[in-house]
Structures are given as structure tokens and as C-alpha cells.
2 protein chains.
Amino acid sequence: MLKKERQAYIIQQINIHNKVLSSDLCVQLDVSEDTVRRDLQELAEEGKLMKVHGGALAKSFHFTIESKQVYSLPEKKIIAHKAIDLIKDGMLVVISGGTTMRELVNMLPPDLNATFVTTNVPIALELLEHPNAEVIFLGNKLLKSAQMAVGAEVVQRLGQIKADLCLLGTNSIDLHLGITDLEWEIIEVKKAMIACAQKTVSLAISEKLNSSQRLQVCPLDEVDILITELDPSDERLIPYAKRGLSIL
Amino acid sequence: MLKKERQAYIIQQINIHNKVLSSDLCVQLDVSEDTVRRDLQELAEEGKLMKVHGGALAKSFHFTIESKQVYSLPEKKIIAHKAIDLIKDGMLVVISGGTTMRELVNMLPPDLNATFVTTNVPIALELLEHPNAEVIFLGNKLLKSAQMAVGAEVVQRLGQIKADLCLLGTNSIDLHLGITDLEWEIIEVKKAMIACAQKTVSLAISEKLNSSQRLQVCPLDEVDILITELDPSDERLIPYAKRGLSIL
DNA sequence: TAAGTTCCCGCATAATCACGCAAATATTTT
DNA sequence: AAAATATTTGCGTGATTATGCGGGAACTTA
């Protein structure tokens, strides 16, 4: 069996199970543990997976483990700042959750007169502190992990809205699947958010570029603008620009 | 199971429940307590959580506890404690806003399995921290002054609910007008809350007795139970008892 | 205070890893 | 096609890591 084949098999297993054990692989592939380990190491260097003691995990684990609850990372401030310029007086803005978004809300100019629609509780609370923002919370059952309202009711009500802008906190974005996320219920809501807005903006710090989770929120061509903390000319962004996204 | 996998699971649990017990984890993950403890310690060193005797807490939990002590008047604690006894497993509870209510939510026993309906943002956020509570947020336009959703949409959806209990944070209560409040939009919602519940409970600290605002929420006879920090035999409560309210 | 947990420490065991080397295999050159 | 070169693989060795267990200390709770 060829090396490439083996590695393809490993990736496949990772995609299915989100993890592999070296011990399993060396039986399935009929090679020594060393070989498996070397394969994993190589794949890890290519960023295809995450090597750990005893095997490897899908890259998505990285986000669970490294869940930076750090509120104000400088990167997030930069992103927030860029995004704020897109919001004009009188706009109706649909806004998702996440710490970047909270940062953004916090930085909104006090004299801005816009209406915000959200399903995320901390964001709503933050928006309430703004002197002029009108806040609409689409409620329903709340999802604990994301602190947001989810479900058919929310999706339906989003369908009745025609927004100018959709600001999307993005967990993972890559060229293949576009924007992806972890939980089905979140996907549903985000999809509806995108659908109801004229322009969709994805806010992602650069480390979330070229990573993907299991479930697709939307393909790349449904995203209009991509905002990262990087300079638009950064090479990491070029493939996205080629796909027609505006980069800020 | 891989170590990182375990740790990811722990982080997930922390994100959902804001806390974990070592004893629970070592059953769920099928490892010894030592291993769990070592995992927690490691995660604590990385700043992902906060280790405490018996388990670990989310890092944010600490902050919320500290900020909570600002509004924790002892009277409110007493009231909250009395009210909690009314909430049983499986109940559907409609709950309004206010600091007393926040105190109450904070003190809910972790093993309580109830569903809560609210329109108040900080209450919703607090409820999300509870490990077992199901939270339903009825959303719409948010009223800044009360940090809650108001409007016809909310009233209508409350009309579709049949709740066991309505916990009402009360600004003013007197013998003539019953419960009163300041703003029209709040009144509307509170009325609907009372109407949809089998039992209405008014939570008020004693200084709010015998005071009234401009607008009536409901007359006294629509309130079933009145909870204050006073002893039920206190003379200030006797007139209310005579009007048929249960006093706790 | 006393009982029951939980924690901490060191140790033993087993699994996993890293490294060098030589054999096997693949690729390029002649 | 043969030789030369490069790459890949497996194995042995010793180092590193992960885990469970015992015993005593520290903490919690009644």
C-alpha cells in the first residue's frame, strides 16, 4: 500500500470518527506503529489533523480545547473595527453571537441609529447598553452551549425579515465547505440569518481560516464580505478573494 | 479514549453547565478519579477552567459570582429561598425580571428539572447557567429600561402557554390597586404572564408593600401567594392575608 | 469532633514515543 | 536495464507519558 493511500485512508477515518488511534491504524493498514506515527506527524504538519498522544484528532477539537473565551483579543478589536464601518444609520442588522461580536457591539459609536436583530442572549444584553440601538430578540427555546435561541420559530421569524446586513461570527471557514459549524440547531439559525440579509459578512480571526467542522452553514459564494485581522493583501486571503469575496 | 478527547469533553461540559464534578466525570469518562483530577489540573494551568474542591468551575463563573454579590441583599435571599420551594420538578414556570428574581435563579437547586419562560434578558442569561433548566425566551422588541422583551408578539405567545406558576417580581403592591408598575409595555406583559399561569406569586421586599405606581398590573385577588422577607405573622401582612392571599 | 470525601504524593506498570540504523522499496540517472 | 541515489519502512533501544493504586494529609459536613 502506498504512502499516499494510507494517508488518504487516515484522513477519511478522521473525517468519519473525528479521531484515530495509532494502534488501530497499524492493524487496519498493516504497517508498523512507527509508520503510522510518521504519517500522522506529516499530516499534522500539513495541518490536516492534530496529533496527540496515542493517535490523532480532527482539527475541530482544537477549537473545543483552545476555546479562547478571552474576551478582548486585539485581533478581535481589529475585526470589530472594520465591521463597524459597514453599519450605517437606519440599517437593519442581523447579528449572531461570539466574543468577537460582543467586542463589536461594545465598540459601536454611541450616535449610531440602527436596529439590531439577534438570537444571542449576551449580545442582546450588550446591545441594550447602547443608547440608540433598537434591539429585537427573536426568542424561543434557548440553546445552552451557544446561549442563543434556536428552532423553527426563530427560523420562521427570520424569514419575515428583510435585513440590510448579516454579521456572522464564524467558527470555521474554508474553501471547500464555506462556513461550517458544530451543532445542527445553530446551523439552521445561521442559514436563516444569511437568507434574510442582503449582504452577508463573515467575521473570523485568521486562525479559523481553512478549517472546517462537520456541518455546512453556507457555501462560500453566499458570503459577500470576509473580515479578518489580516491585511487584505495577505496571501492566506488570496484564495478567498479569487472566489469573489470582498476582503476587508 | 484519548486524553485530549477527555479534556475536550470536560471543556464542553464546563461550557454547558459552568461546572463539573470529578465524581461525575470519572463515571462518564470511565477513568479513575486521579486521572480526572490530573486533567482538571492541567486544564486549570492552561487557564481553561478553575479547579475547586470536588470538581471545577468555568472561569467566567467566578466573575459572575462576584458581580452578583452587588445585588444580593439578604432580604432578597430570604424571599428567593421561600419561592424556590414552590418550584417542583417538571413544572413550567413563567418568570419576570428584577434582582430578586436573579437571586432566585442563582439559588435554584442544580438537580431541579423545570422549564422556565421569561422575557427578561439577564434572567435568561442566569437561567442558562443552570445545568438542567430548560429556558424559553419569548422575544420581540427589547425595552431598554427593563431589559426585557415587550409588545403584542410577546403577549400573544404568552397566551399560548399554560404555566403552572408565575413568579412576579413586584415593584409596588398595595391594597387598593394590587400590583402596579411604571411602564405601559411592562404592564401588558405582566398581565399576560399572570393570565397564563395557574398560580401567581408576588415577590416583594417589605419596603414595597403599600406603595403604588400609576398603572395597574392586576388587582390583589388575582395574586395567589405573596412572598416577603417578613414573618407571615407580621402585622404589615395581615391586611393582605385577610384579602385571601397566602403569605409565605 | 468524627465520619466521609477529596486531594496529594510517590511508585509501578504499561503504553507510546523518538532516534538511529539497516533492510526494503521506489526513483532517478547513466 | 543496470547502477546510483533517494525514500520509505521496520526494529531495537531507551526515554517519555499516561494511568491506576495505596496511604496519609487536607478539606467538608453534620
Side-chain angles (χ1 to χ4, degrees), chain A residues 1-14 17-59 61-62 64-66, chain B residues 1-14 17-59 61-62 65-66 68-69 72 74 77-78 81 84-85 106-112 131:
Chain A
M1 176 171 279
L2 248 60
K3 191 173 148 191
K4 294 269 175 186
E5 284 180 72
R6 270 200 325 261
Q7 297 196 347
Y9 177 84
I10 293 174
I11 296 289
Q12 191 187 331
Q13 291 298 308
I14 283 274
H17 301 115
N18 280 320
K19 72 159 180 180
V20 287
L21 301 181
S22 318
S23 49
D24 286 354
L25 285 176
C26 76
V27 176
Q28 291 162 25
L29 300 167
D30 191 35
V31 289
S32 74
E33 298 228 21
D34 290 77
T35 304
V36 168
R37 209 171 301 117
R38 275 185 282 240
D39 280 342
L40 292 179
Q41 196 170 336
E42 236 171 86
L43 291 168
E45 278 163 17
E46 292 167 27
K48 309 260 177 65
L49 46 75
M50 182 180 155
K51 183 152 174 24
V52 298
H53 194 95
L57 298 174
K59 241 187 147 188
F61 269 90
H62 181 74
T64 321
I65 297 171
E66 302 298 323
Chain B
M1 176 171 272
L2 293 162
K3 188 178 154 192
K4 286 279 179 188
E5 222 182 332
R6 267 198 329 258
Q7 298 192 345
Y9 178 85
I10 293 174
I11 300 276
Q12 257 181 1
Q13 292 298 309
I14 284 274
H17 300 122
N18 282 312
K19 72 166 183 186
V20 287
L21 298 180
S22 317
S23 49
D24 286 355
L25 285 175
C26 77
V27 176
Q28 289 162 26
L29 299 167
D30 192 33
V31 290
S32 74
E33 298 229 20
D34 289 84
T35 302
V36 168
R37 210 171 300 115
R38 272 185 283 239
D39 279 343
L40 293 179
Q41 194 171 334
E42 231 171 274
L43 292 169
E45 277 165 16
E46 292 167 26
K48 313 270 169 60
L49 47 76
M50 196 182 143
K51 202 176 154 3
V52 295
H53 195 95
L57 300 174
K59 250 187 146 184
F61 202 68
H62 192 62
I65 281 174
E66 281 180 0
K68 254 160 215 162
Q69 281 164 356
S72 67
K77 280 214 166 122
I78 297 169
H81 201 270
I84 280 175
D85 291 341
N106 206 236
M107 290 167 63
L108 286 174
D111 59 329
L112 179 73

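Letters A, B, ... mirror the listed sequences (proteins, then strands); counts begin at 1.
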Query raised in the report: Counting only heavy atoms not in A:Asp30, do more than 12 fall under 6.0 Å of its CG?
Result: no

Requested in this report: Can you see which heavy atom on B:Gly47 is nearest to which on B:Lys59, and at what distance?
Outcome: O-CD, 3.1 Å

Query - Shortest non-hydrogen separation from A:Cys26 to A:Ser23 and the atoms involved - result: SG-O, 3.4 Å

**Report entry** Angle by which the axis turns from one end of the helix from C:dT1-D:dA30 to C:dT30-D:dA1 to the other, five pairs per end, to 10 degrees
**Finding:** 50°

Report task. Using a 4.0 Å heavy-atom cut-off, write out nucleotides 2-10 of chain C from 5' to 3' as B (base contacted by protein), S (sugar-phosphate only) or - (no contact). Result -> ----SBBB-

Requested in this report: Please confirm whether the backbone N or O of B:Leu2 pairs with a side-chain atom of B:Glu5, one donor and one acceptor, at under 3.5 Å?
Outcome: yes

Query raised in the report: Any salt bridge between B:Lys3 and B:Glu42, counting N to O under 4.0 Å?
Result: yes

Query - Residue of the set A:Asp39, A:Leu40, A:Val31 for which side chain to side chain contact (heavy atoms under 4.5 Å, CB included) holds with A:Leu25 - result: A:Leu40

Query raised in the report: Counting distance only, does the side-chain N/O of B:Ser22 pair as donor-acceptor with the main-chain N or O of B:Gly54 below 3.5 Å?
Result: yes

Report task. Determine the minimum heavy-atom distance between B:Met1 and A:Lys19, stating which atoms define it. Result -> CA-NZ, 4.3 Å

Query raised in the report: How far apart are the closest heavy atoms of A:Ala56 and A:Leu49, and which atoms are they?
Result: CB-CD1, 3.9 Å

Query - Nearest atoms (heavy-atom pairs only) where B:Lys48 meets B:Ile11 - result: CB-CD1, 3.6 Å

Query raised in the report: Just the endpoints, please: which first and last nucleotides of DNA chain D, 5' to 3', lie under 4.0 Å from a heavy atom of chain A?
Result: D:dT8 to D:dA18

